[in-house]
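Have a look at the structure below, then the notes.
This structure is a prediction, so every number in the text was calculated from the model and none was measured.
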Amino acid sequence: MIKWNNLDQLSSFEALKALKNHVCLKNALSGEQGAERARAFTVPMAAGLSYNYAAKQVDNDVLDALAALADEAQLTDKYEALLSGEVINTGEKRMVLHQLTRGQLAGNVIADGVNKREFYLNEQKKIADFADAVHNGKITNESGEKFTTVVQIGIGGSDLGPRAMYLALENWADANECHFMNAKFISNVDPDDAAAVLRSVDVAKTIFILVSKSGTTLETLTNESFVKDALKNAGLDASRHMIAVTSETSPLAKSSDYLAAFFMDDYIGGRYSSTSGVGGAVLSLAFGADVFSRFLDGAAEEDKLALERDIRRNPAMLDALIGIYERNVQGYGATAVLPYSQALSRFPAHLQQLDMESNGKSVNRFGEPVSYVTGPVIFGEPGTNGQHSFYQLLHQGTDIIPLQFVGFKASQLGTDVNIQGSTSRQKLCANVAAQIMAFACGRKNDDLNKNFDGGRPSSIIIGEQLTPEALGALLAHFENKVMFQGFVWNVNSFDQEGVQLGKILAKQVLAHETEGALKVFSDLLDI
């Protein structure tokens, strides 16, 4: 039987706390023992990726304690329960089915009288057929011209994940001659966002995807109106240029305003929806349904690895548990995500929402306050840009911030230049290796301004090249990491009540139903 206990109720957590500051990274990574550690502390991931944690403050004693914590917290059992369709989202009394969009791991899941795996597969096929019809010219604009651009209108999980995934594969698709349509995204209700995107496209050759599960998202519907006005002003029929990704019960589902509607459901939260129709429509139109399918395959393969009970062979669970050790034992309050890949420029922004919206909770899954810290602050930028931005604080600041590097051996486009005896790609990869050791080991100097204490932990996910499969595996790794950490903290990682209050007050401001300080702030902004 599964027990949902708070972290501080687990005896294995007490044992783990006794191992605080157990490992000195400078000693652990020095000499031949450091080389052996760097080779040994690696776990294979899906799609040729690997997770290396040699520069983390763990050894076999800490790993054994983390394994005991995983067993007592029943992490694998809870994951299996999620996959089998148990109600894991207690706040909204819903199942959690985003893994089901990319593979069947634990039998059929029936909800609302529907086989959900078949439902997701059917929506994927509808999207694939639609994308193929657009690419081969069966679906065209009023003048019989092919569509060349797709613009996604959405916010939060309807924007961050799909945008990050598109940018991650844009260069790869160019190199592999499967970049069928350019994609752009409108998310911010700031009119400058929509106006800038509309100025950059030929609206006559553009398909717009409206993404809103409820069909009532204020920012998204406002931007839809902005787009419809632009189409009308261009003398175009908006219904020939717009499709919807929504729920079957939303007001958008049967509307004649759209060329087509593709469906999602309440069992997949927005931040987990990149492998559903939310990401599927834009990625299939941009790169083709086959590329989206390969992306799903990578995620499915990584999901299977997350079922491994041995934490030393389960990269997502191990990453999650080391994060628990850093947050709840070492006392580190943030994590920096540092992809040394320009293609992943928006991936940290997606992980901010994924992690902070999921585990930024101060009550457990039963609504009771917890007495320990939960989700860390997540931030990041691609290397080497970040090195010339915030790495100063990471190296010599008063806070120790764990680091999550991501790197690839080969670039996506294959073009490069050799300057001063090395290529651009070699320079990029050299910086990753150097930063790992600089953070871990530091450098002693009597001039304290130039002294580096070291002892700053990091891990790195390494792959050959950022392909659709590798991207899917990378996405699933972090989704599963967040899931496992939520299980350990005993929080509900699948609702987001914290975003609601601001929306309610914003509606009051727009209705001029304000008083006190809220009215003053509204007046200051000339609302």
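Counting all heavy atoms, side chain and backbone alike, Ser458 lies closest to Phe405 at CB-CE1, 3.6 Å. When every heavy atom of Arg327 is checked against every heavy atom of Tyr332, the shortest pair comes out as CD-O, 3.2 Å. The two atoms that bring Leu49 and Ala470 nearest to each other are CD1-O, 3.6 Å, heavy atoms only. Smallest separation of non-hydrogen atoms from Pro402 and Ile400: CD-O, 3.8 Å. The two residues Cys178 and Trp172 make their nearest non-hydrogen contact at SG-CZ3, 3.6 Å. Across all non-hydrogen atoms, the minimal contact from Ser158 to Val211 is OG-CG1, 3.3 Å.
Classification of the His98-Phe494 ring pair by plane angle, with boundaries at 30° and 60°, yields tilted. Using the six-membered ring where Trp is involved, Phe487 and Trp4 have ring planes that are perpendicular, over 60° apart on the 30 and 60° scheme. Note: Tyr166 and Phe287 have parallel aromatic rings, judged against thresholds of 30 and 60 degrees for the angle between ring planes.
One finds the CD1 atom of Ile268 at 8.0 Å from the NZ atom of Lys116 (value rounded to the nearest 0.5 Å). Atoms CD1 and CD, from Ile324 and Gln330 in turn, are 13.0 Å apart once rounded to the nearest 0.5 Å. Atoms CG and CZ, from Asp297 and Arg102 in turn, are 11.5 Å apart once rounded to the nearest 0.5 Å.
Judged by distance alone, the side chains of Glu145 and Thr140 never bring a donor and an acceptor atom under 3.5 Å apart. Side-chain contact, Asp319 with Tyr51: a donor N or O sits under 3.5 Å from an acceptor N or O. Checked by atom type, the side-chain pair Asn480/Glu302 shows no donor-acceptor distance below 3.5 Å. Side-chain contact, Gln124 with Tyr120: no donor N or O sits under 3.5 Å from an acceptor N or O. Residues Gln412 and Asp174 bring no donor and acceptor atom of their side chains to less than 3.5 Å of each other. Remark: the Thr101 side chain and the Tyr272 side chain contain no N/O donor-acceptor pair separated by less than 3.5 Å.
Considering Asn89, Val87, Val96 as possible partners of Leu82, the one that fulfils the side chain to side chain contact (heavy atoms under 4.5 Å, CB included) test is Val96. Each of Asn5, Asp8, Asn6 was checked for a side-chain hydrogen bond (donor to acceptor under 3.5 Å, both in side chains) with Asn490, and the lone residue meeting it is Asn6.
Counting heavy atoms from C-beta on, the side chains of Leu221 and Ser212 never come closer than 4.5 Å. By the 4.5 Å heavy-atom criterion applied to side chains, Asp355 and Pro376 are counted as neighbours. Residues Arg163 and His350 fail the side-chain proximity criterion, which asks for heavy atoms closer than 4.5 Å. Ile461 places a side-chain heavy atom less than 4.5 Å from the side chain of Phe478. Between Leu236 and His241, some side-chain heavy-atom pair lies under the 4.5 Å cut-off.
Ionic pairing of Arg271 and Glu357 is present here: one or more N-O contacts between side-chain nitrogen and carboxylate oxygen are shorter than 4.0 angstrom. A salt bridge links Asp495 with Lys361; the closest basic N to acidic carboxylate O contact falls under 4.0 Å.
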- Going through the distances and angles, do Val114 and Asp265 end up as a side-chain contact (heavy atoms from CB on, under 4.5 Å)? CA-CA 12 Å; Val114 174; Asp265 58 39; over 6 Å; no

- side-chain contact (heavy atoms from CB on, under 4.5 Å) evaluation trace for Gln152 with Asp159: CA-CA 7 Å; Gln152 180 132 319; Asp159 169 74; over 6 Å; no

- Message: Checking Ile322 against Ser459 for the side-chain contact (heavy atoms from CB on, under 4.5 Å) test, could you report, in this order, the C-alpha distance in whole Å, the side-chain angles of both residues, the deciding distance, and whether it holds?
- Response: CA-CA 10 Å; Ile322 292 174; Ser459 62; over 6 Å; no

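The backbone N or O of Gly280 sits less than 3.5 Å from a side-chain atom of Ser284, completing a donor-acceptor pair. In terms of modelled atom types and a separation under 3.5 Å, the side chain of Ser493 and the main chain of Met483 share no donor-acceptor contact. Remark: the backbone N or O of Asn171 is not paired with any side-chain donor or acceptor of His179 at under 3.5 angstrom.
No more than 12 heavy atoms of other residues, nucleotides or ligands shown are found within 6.0 angstrom of NZ on Lys184. Around the NZ atom of Lys126, the shell of radius 6.0 Å holds more than 12 heavy atoms that belong to other residues, nucleotides or ligands. Applying the 6.0 Å contact sphere to CZ of Arg346 captures no more than 12 heavy atoms from other residues, nucleotides or ligands. Counted within 6.0 Å of OH on Tyr372, heavy atoms from surrounding residues, nucleotides or ligands total more than 12; the atom is thus considered enclosed. Surrounding CD of Glu368 are more than 12 heavy atoms belonging to other residues, nucleotides or ligands, all under 6.0 Å away.
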